[in-house]
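Here the structure comes first, spelled out in C-alpha cells, and everything after it is commentary.
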Protein chains: 4
Amino acid sequence: MTEARSARVDRRHQITEAAVSAFAERGYHGTRIRDVAARAGVADGTIYLYFRNKEDLLLSIFETKMDQLLAGLAAILVGVDDPDERIRRFASHHLGMVRDHREAAEVLQVELRLSNKFLKRYRPEKLWAYLNVFAQIVRDGQAAGLYRRDIEPFIGMWAFFGSLDELAMQWVLSRRTERFTLEEAARQVADVFIRGLRTDASARPILVEAM
Amino acid sequence: MTEARSARVDRRHQITEAAVSAFAERGYHGTRIRDVAARAGVADGTIYLYFRNKEDLLLSIFETKMDQLLAGLAAILVGVDDPDERIRRFASHHLGMVRDHREAAEVLQVELRLSNKFLKRYRPEKLWAYLNVFAQIVRDGQAAGLYRRDIEPFIGMWAFFGSLDELAMQWVLSRRTERFTLEEAARQVADVFIRGLRTDASARPILVEAM
Amino acid sequence: MTEARSARVDRRHQITEAAVSAFAERGYHGTRIRDVAARAGVADGTIYLYFRNKEDLLLSIFETKMDQLLAGLAAILVGVDDPDERIRRFASHHLGMVRDHREAAEVLQVELRLSNKFLKRYRPEKLWAYLNVFAQIVRDGQAAGLYRRDIEPFIGMWAFFGSLDELAMQWVLSRRTERFTLEEAARQVADVFIRGLRTDASARPILVEAM
Amino acid sequence: MTEARSARVDRRHQITEAAVSAFAERGYHGTRIRDVAARAGVADGTIYLYFRNKEDLLLSIFETKMDQLLAGLAAILVGVDDPDERIRRFASHHLGMVRDHREAAEVLQVELRLSNKFLKRYRPEKLWAYLNVFAQIVRDGQAAGLYRRDIEPFIGMWAFFGSLDELAMQWVLSRRTERFTLEEAARQVADVFIRGLRTDASARPILVEAM
DNA sequence: AATGAATGAGAGTTCATTCAT
DNA sequence: GATGAATGAACTCTCATTCAT
C-alpha cells in the first residue's frame, strides 16, 4: 500500500516536472498534453489518471510550488524578529527561488496568468498566505512604532509583491541575465520598501547609523 | 478622401472597442472573432479588412491604449519639475487611467500577458518609453542630490511599475472595489517610493517639514 | 453604340488576358478574383459586369482560345488535300500554338482540367469540332484507300489528340524546354500516326520511295 | 504487434478506398474531409492519424495505385520478348486496369491533375518508371532493327501514354461506355504505334504475314 | 494501472460575390 | 459603367479527452 502510494506520488511528480518544463518552454496554450506525456515518458491517457484535465495540471504546479515557497520562507524567517531584516529575507528568498527554479518561476510568472480560471475564479489561497507574511511584517513594524501607520498593509503587500514579481518577470523574460542580478534587485527592493515604510522618527537613527 | 479615411478610422475604432469589451469579458482565448464581429455590428470577414488576425487585434489595442497612456502622462507632467511631485503624478495618472478605462485596463493587465508573441517576441517599445519616464525622474532626482545613487533607475523603474501594475490587477480582478481605492493606492505607492528613494540628507528636511 | 460596344469588347479582352496570365502563373484555384482584377487594372466588382463568375471566366478563355485554334487550323489546311500532309499540318499547327501561346496553353492544359463542370457537365463542342477535323482526315484517307479501315476515326482522333496534348503538357510543365522541341514532337507524332494508319498496300510504295 | 500493424494497414486502406470513391464522385475540391470520414466510418480527426492532410491523401492514392499498375505490368510482360507483343500487352494492361478500377482511374485521370503540387512540384517517379517500360521497349526494338531510329523513345513514350490516357479519360467521362470498348481502343492504339514505329524493312514481312 | 487509437467539437480565416454609392 | 467595402458561408485541421483493451 505504502509502495503503491509512493509509486503514485512519484508518477505524479514525474508528470508535474514534465509539465513545468514543457509549459516553460512552449507556454501553456502552446503545450499539448501529448508533449507533457512524451516528456514524462507516459501515455497520453495516463495524465488523466493523475490530473482532472490540463488546467488542473497547471493549477497543481502552482499549489506544489507555492507549498515549497511558503515552506522555504517560513524556514528563513525563523527566529528573525526585526521587521527590516524580515523584509530583506523575504525579498532575497523570493528572487532566490526564481533564480534556482527558473522554469517553475517562468510558469508561475507567465503562464499561470493566462488561466482565466486561476485569475478570476480560483482563489489562490496559498498566494494570500504567502503575501500575508509580508502584511504581518508591516503590521508588526507598525505596532512597534517602526513603520508608518498611514501605509495599509494590504496595499503595501501587493505593492511589494508587484515589485518582486515584475523584476522576476523581466529577469525571466530577458534571457540576458546580465542586465541585473536578482540578488541586487532583492537588495534594492527591500531597501526602498524598508525606508519607504519607516516612520520619520525611526528614520533618523538609521540615518545616523548610516553615517 | 477625407470621408473615406474617416470612415475607415471609425470602423477600425468600432471594432477595437468591441474587442476591448469582448476580451475584457470573456478573455482573449474565450472570445471568438464572431463575438467581436457581433458586438461591432459587422460581419466576421470585415474584421480581417482592418486587422491581420486575432492577435493583431489584441496587439493593436495595446498600441492604441499605450499611446493614450503616454500622451496623458506627458500632459500631466508638463511644467512639473520636482521629482517627488512627478512620481506622485505618475502613480496617480496610471491608476486613474485604470479606473477610467476599466475594460481596457483589464485587457492590458490580464489578457495581453497571455500572448506569447507579446511577451517573448514582440518588443513593447511603448511600454519602455512609458517606463523610461520614471527612470528619468530617478536619474534627475539623483543628479539633484535628492535621490540615493545606489538605486539603479532600471531596477527602480520595474519595481515601481510592478507595484502599480499589481495593484491595478487586484483592483480589476476584485469586482469589489471597496477593498481599496485606486487613489489611495496611488498615494501610498508614490509615498513609499519617494521616501525609499530619498538620500538621508534630503530625508531630514522633509522630516522637519512634516513635523 | 459601336464605340460603346468596342469599349466593352476591349475591357472584356483586357480581363481575359489578365486571367490567362494569372491562371497560368498561380493556377485557377490559386488565383483570386482580386488578382485578376489587379492585373487588369479594374475593380473586383467590374469582373462581374463581364463574366457571370470565376468559372465563367475560365470557360470563356477556353472558348476564345478554341476559336483561335480552329480558325488557325482551318487556314493552314486550306487547299491541302493529301491526308498525310493534313495530319502533319494539324500536329505542327497544334504544337506551334502551344509554343506561341505558352500561357494560354498552360491554362488550357493544366487548369481547365480541374474544372469539374468543364470535364463532366460542360460539353466542349468546340473541342469536338476541332478533333472532328482529324477524324474527317482519317475518314477521307480511308475512303481514298490510303488508311486502314480497321482504325475507327473516333478512337484515332482521341489517340492523336492525346499524344499531342500529353507532349504539350510535358513541354509546358518542364520549364526546361531543351528536353525536346515541339517541332520535333509534331513531326514524330505525325509520322507515327501516318504510318500507323496506312494500309499495307499504301505502305509499300512509300517504302520503295523511302529506299 | 502484427495485429496492431495489420489493424493500422486495414484502417489506412479503409480510408483510402473511401477517398477514392468520394473523389471519383464529387471531385477532390468538391469532397470534404467529412465526406471521406463518413464513408470510411471513422471520425474526421482519424483521417489525420493516417494522412498528413487532404493532399497527402490524394497523393497516397496515386502512389498505391501506381504500385499496383507497375506490379501488374511487370507480371504481364514476364517472358515476353517481342517488342510488338510487349506494346500490345502494355496497352491492354493499362486500359484493362482502367476498366477494372474505374473509380480509381477516374481519380487518377481527372482529380490528380488538379493538384498543383502533384503536377508542378511533386516528381511522379512512379509514373516515370511506368513510362520508362515503354521507352525501353522502343529502345530494344530499335536495337533489334525492328523500330525506326528516328523516333525518340522519350517522345514516343509520352505520345503513347497520351493516347492511352486520353482514351481512358474519354471512357471514364462518358458514362455511356457503348461508344467504344477499352479492349478495342487498346488494340487500335497498340496497332497504330507498332506500325508507326516499324522500320520500312521490318514492315514488309509483317505485311506478308498479314496477307 | 496503463495504454494510445479514436473521437468530434470547435474556430480562425479566406475569398467569391454583392450592392450602395 | 465602375467601384471596392462588406458580406458570410465554407472548410481544414487541431487537440483535449475518453475508453476498450
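From a predicted model like this one, the values you see are computed outputs, not experimental measurements. Below, chains carry the letters A, B, ... as their sequence lines are ordered, and counting in each starts from 1. Hydrogens, waters and symmetry mates play no part in the numbers below; they use all other heavy atoms, side chains included.
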For a quick check of understanding: with a heavy-atom distance under 4.0 Å over all strands, which category does A:Tyr50 fall into, base, sugar-phosphate or nothing? sugar-phosphate
Under a 3.5 Å limit on both distances, the Watson-Crick or wobble mate of E:dT21 is F:dA2
Under 4.0 angstrom between A:Arg8 side-chain N/O and E:dA1 OP1 or OP2: yes
Between A:Thr31 and B:Leu49, name the one whose nearest nucleotide on DNA chain F is closer to the 5' end. B:Leu49
Round to a whole Å and report the spacing from CZ of C:Phe51 to P of E:dA16. 15 Å
Need one value for C:Arg11: base, sugar-phosphate or nothing, where a base atom within 4.0 Å counts as base even if backbone is also close, heavy atoms only. sugar-phosphate
Under the 3.5 angstrom rule, does the side chain of B:Tyr28 hit a backbone N or O of B:Glu55 as a donor-acceptor pair? yes
Are the side chain of A:Asp67 and the backbone N or O of A:Thr64 linked by a donor-acceptor pair below 3.5 Å? no
Can you tell me the distance, in whole Å, between the CD1 atom of D:Ile47 and the C1' atom of F:dT12? 12 Å
Whole Å only: how far is the CG atom of C:Asp44 from the P atom of E:dT17? 12 Å
Whole-Å distance, B:Tyr28 OH to E:dA11 P, equals 13 Å
Just compare F:dG4, F:dT7, E:dT7 and give me whichever is closest to any side-chain atom of B:Thr46. F:dT7
Shortest non-hydrogen contact between A:Lys126 and A:Met66, atoms and distance: O-CE, 3.4 Å
Under 3.5 Å, sequence neighbours excluded: what are the donor-acceptor pairs made by side chains of residues 15-23 of chain C?
from, atom 1, to, atom 2, distance (Å)
C:Thr16, OG1, C:Arg12, O, 2.8
C:Ser21, OG, C:Arg39, NH1, 2.6

With the side chain defined as heavy atoms from C-beta on, B:Tyr48 is closest, among F:dC11, E:dT17, E:dT13, to E:dT13
Measure the distance from CZ on B:Arg52 to P on E:dT14 and round it to the nearest whole Å. 11 Å
C:Arg32 has its side chain closest, among F:dT3, E:dA16, E:dT3, to E:dA16
When both distances are under 3.5 Å in a Watson-Crick or G-U wobble arrangement, the nucleotide paired with E:dT7 is F:dA16
